[in-house]
There are 2 protein chains.
Amino acid sequence: MSQEINDASHWRDFDQNLLSHSMAHYLMAIDTLRTEHGYARSTDVAEKLGVSRGAASMALSQLKKKDWVGEDHNRFLLLTETGAQIASQVEQNFLILNQFFKEVLNVGEEAAHADACKIEHLLGMETGKRLLWLMRFLMSDEELAIQVRKQMSKCNEGCSPVEVSECPICGASGECLAALGTPSIEGTKP
Amino acid sequence: MSQEINDASHWRDFDQNLLSHSMAHYLMAIDTLRTEHGYARSTDVAEKLGVSRGAASMALSQLKKKDWVGEDHNRFLLLTETGAQIASQVEQNFLILNQFFKEVLNVGEEAAHADACKIEHLLGMETGKRLLWLMRFLMSDEELAIQVRKQMSKCNEGCSPVEVSECPICGASGECLAALGTPSIEGTKP
DNA sequence: ACCTTTTGTTAACGCCACTGAACATTTCTT
DNA sequence: AAGAAATGTTCAGTGGCGTTAACAAAAGGT
């Protein structure tokens with residue numbers, strides 16, 4: 001009765017996400033610009049994100065319609081209460097994920113950053129919060145945490161697939177999931 | 001010099017992803033159908049994913065063009081070598097993430113499933129592999145692992161934001177990241 | 001005040017991924 | 001073999017999200 005990965009009911013929740021990847025970045029860009037320069041204009045946002053002014057203009061008008069973005073007395077862009085909450089939620093998700101990937105999983109800087117960025121806006125409230133708790137604990141200097149980190153850093157050469165049979169994850173499927181070939185789904189389009 | 005969250009260079013890698021969320025599910029659907037029924041036809045895939053036959057037809061022809069999907073002697077759908085690798089990679093990512101969310105982070109079943117599904121195809125090779133190592137370790141019956149799980153399950157009421165100052169994550173930002181308000185980015189569109 | 005530059009908006013277009021409907025093709029039934 | 005049913009494809013239409021390019025509005029320089 002457990003949920004199937006391809007249940008028609010669930011897999012499409014993806015694009016039902018209220019917050020798209022790009023929208024999140026528009027919000028964060030406004031936030032960043034305001035703290036960096038004290039103000040944010042449409043053009044600045046466009047430049048910061050590396051999109052055209054047209055794209056920024058249209059995206060921002062959507063965000064205004066949702067009331068996540070407003071304008072101050074000088075017509076500079078401003079995050080509303082909600083907009084600010086969303087932006088900071090996503091930003092925190094990014095920080096936590098990035099740190100988790102780098103410091104706990106020992107993923108390389110580049111990959112950690114890329115993955116955190118792809119995922120930051122998709123992590124639900126609950127998951128984000130609890131990942132924070134985990135990280136808080138794992139990055140503390142409690143003996144237990146230190147040992148876990150040490151354990152993970154030992155894995156650098158692959159926790160060799162030898163002990164597959166004892167691996168509580170692979171166990172069932174019989175083959176070591178970590179030993180899969182590399183399909184060509186990484187990298188960028190031509 | 002550390003990478004900024006909004007670097008024009010990186011944030012858009014998102015849509016450069018060679019594997020879209022939906023394509024991943026088309027592949028997995030074929031895989032599932034073949035093991036469940038021994039064959040997979042376009043219509044079956046459409047039904048399994050809850051999309052129209054038209055959508056399935058077009059998606060599948062793209063996948064054929066990429067050579068991730070082929071047909072067998074009876075013109076039933078078939079994953080190519082590459083297609084199968086991709087599908088299983090994504091499937092494994094899903095399993096690992098789901099388990100990580102549920103068993104380690106103690107996220108509710110629903111949310112864990114939803115989040116794992118949204119993220120499964122975005123996790124890079126390296127990150128996926130290392131997350132597997134972590135899970136392998138954390139789900140083992142080693143004393144260390146057991147204690148970590150116990151520690152995490154204690155957090156159920158929030159690892160109260162009291163000790164923020166000592167929190168190695170929140171520390172710098174001054175406020176507890178876990179104490180943020182709930183912006184309305186969860187749930188589905190109207 | 002006037003002309004130029006900067007900034008913002010809009011329109012036409014392409015790409016992805018869906019829908020629904022019309023059409024073509026295959027397969028099953030009798 | 002012929003008609004009905006199931007299966008597969010194609011073709012507008014929609015919405016998200018980008019691009020250029022043309023145009024409107026605001027800001028600045030002399």
Side-chain angles (χ1 to χ4, degrees), chain A residues 6 8-27 29-30 33 37 39-66 68-78 118 121-122 188-190, chain B residues 8-27 29-30 33 37 39-66 68-78 118 121-122 185 188-190:
Chain A
N6 268 328
S9 35
H10 276 104
W11 77 278
R12 280 220 278 158
D13 292 357
F14 182 70
D15 40 49
Q16 304 268 307
N17 224 20
L18 283 191
L19 181 67
S20 73
H21 181 77
S22 49
M23 289 306 156
H25 278 271
Y26 280 103
L27 292 179
I30 294 174
L33 284 167
H37 305 129
Y39 65 89
R41 290 168 311 172
S42 176
T43 301
D44 307 322
V45 171
E47 198 195 350
K48 168 136 253 161
L49 295 184
V51 301
S52 67
R53 281 178 305 153
S57 174
M58 305 195 39
L60 289 168
S61 62
Q62 280 186 263
L63 292 174
K64 285 173 189 164
K65 212 179 303 161
K66 288 190 209 250
W68 290 349
V69 166
E71 290 178 354
D72 64 17
H73 336 283
N74 301 315
R75 305 169 46 68
F76 288 135
L77 296 168
L78 199 60
K118 285 186 287 190
H121 70 293
L122 295 172
T188 49
K189 279 180 186 162
Chain B
S9 34
H10 274 104
W11 78 277
R12 279 221 276 161
D13 292 356
F14 183 69
D15 40 50
Q16 304 268 303
N17 224 25
L18 282 191
L19 180 67
S20 73
H21 181 76
S22 49
M23 288 307 159
H25 278 270
Y26 280 102
L27 293 177
I30 293 174
L33 283 167
H37 304 129
Y39 64 88
R41 291 167 312 172
S42 176
T43 301
D44 306 324
V45 171
E47 200 195 349
K48 169 135 252 162
L49 295 183
V51 301
S52 67
R53 281 180 304 157
S57 174
M58 308 202 24
L60 289 168
S61 62
Q62 277 185 264
L63 291 174
K64 283 174 190 162
K65 212 178 303 160
K66 287 190 211 252
W68 292 350
V69 166
E71 290 179 356
D72 64 16
H73 338 283
N74 301 315
R75 306 171 44 69
F76 287 134
L77 295 168
L78 199 62
K118 286 185 289 188
H121 70 293
L122 295 173
I185 55 172
T188 49
K189 279 181 186 161

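Numbers restart at 1 for each chain; the letters A, B, ... are given by sequence-line order, proteins then strands.
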Nearest to the side chain of [X], heavy atoms from C-beta on, is which of [options]?
| X | options | value |
| --- | --- | --- |
| B/Gln62 | D/dT9, C/dG8, C/dA17 | C/dA17 |
| B/Val51 | D/dT7, C/dT19, C/dG8 | C/dT19 |
| B/Ser22 | C/dA17, C/dT9, D/dT10 | C/dA17 |

For B/Thr43, answer base if it contacts any base atom (sugar-phosphate contacts may also be present), sugar-phosphate if it contacts only those atoms, and nothing otherwise; contact means non-hydrogen atoms under 4.0 Å.
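Sugar-phosphate, no base atom in range.
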Over all strands shown, is B/Ser61 touching base, sugar-phosphate only, or nothing at heavy-atom distances under 4.0 angstrom?
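It contacts nothing in the nucleic acid.
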Interatomic distance where [atom1] belongs to [X] and [atom2] belongs to [N] [whole Å]:
| X | N | atom1 | atom2 | answer |
| --- | --- | --- | --- | --- |
| A/Glu47 | C/dT6 | CD | C1' | 13 Å |
| B/Arg12 | C/dC16 | CZ | P | 15 Å |
| A/Lys65 | C/dT9 | NZ | C1' | 14 Å |
| A/Tyr26 | C/dG8 | OH | P | 13 Å |
| A/Leu19 | D/dG16 | CG | C1' | 14 Å |
| A/His121 | D/dG16 | NE2 | C1' | 13 Å |
| B/Leu49 | C/dA17 | CG | P | 13 Å |
| B/Leu63 | D/dG8 | CG | P | 15 Å |

Between D/dC17 and A/Ser20, is there an OP1 or OP2 to side-chain N/O distance shorter than 4.0 Å?
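It does, given that an N or O in the side chain of A/Ser20 lies less than 4.0 Å from OP1 or OP2 of D/dC17.
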Rounded to the nearest 0.5 Å, what separation is found between the CZ atom of A/Arg53 and the CG atom of A/Leu60?
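Spacing of CZ (A/Arg53) from CG (A/Leu60) equals 13.0 Å.
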Inter-residue atom distance B/Gln62.CD - B/Ser20.OG, 0.5 Å rounding
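Interatomic distance, B/Gln62 CD to B/Ser20 OG, rounded to 0.5 Å: 8.0 Å.
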Apply side chain to side chain contact (heavy atoms under 4.5 Å, CB included) to residues B/Tyr39 and B/Asp44 and explain how you reach the verdict.
CA-CA 9 Å; B/Tyr39 64 88; B/Asp44 306 324; 3.5 Å; yes
If only atom types and distance count, is the side chain of B/His21 paired as donor or acceptor with the main-chain N or O of A/Trp11 below 3.5 Å?
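Here the side-chain-to-backbone pair exists.
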Distances under 3.5 Å between nitrogen or oxygen atoms of protein and nucleotides 20-26 of chain C:
none

For side chain to side chain contact (heavy atoms under 4.5 Å, CB included), just list the numbers for B/Lys48 and B/Leu33, CA-CA rounded to whole Å, side-chain angles, deciding distance to a tenth of an Å, and then say yes or no.
CA-CA 8 Å; B/Lys48 169 135 252 162; B/Leu33 283 167; 4.2 Å; yes
Let me see the working for A/His25 and A/His121 under side chain to side chain contact (heavy atoms under 4.5 Å, CB included), right down to the final yes or no.
CA-CA 9 Å; A/His25 278 271; A/His121 70 293; over 6 Å; no
Would you call B/Leu77 and B/Lys64 a side-chain contact if the rule is heavy atoms closer than 4.5 Å?
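They are in contact (side-chain heavy atoms under 4.5 Å apart), so the answer is yes.
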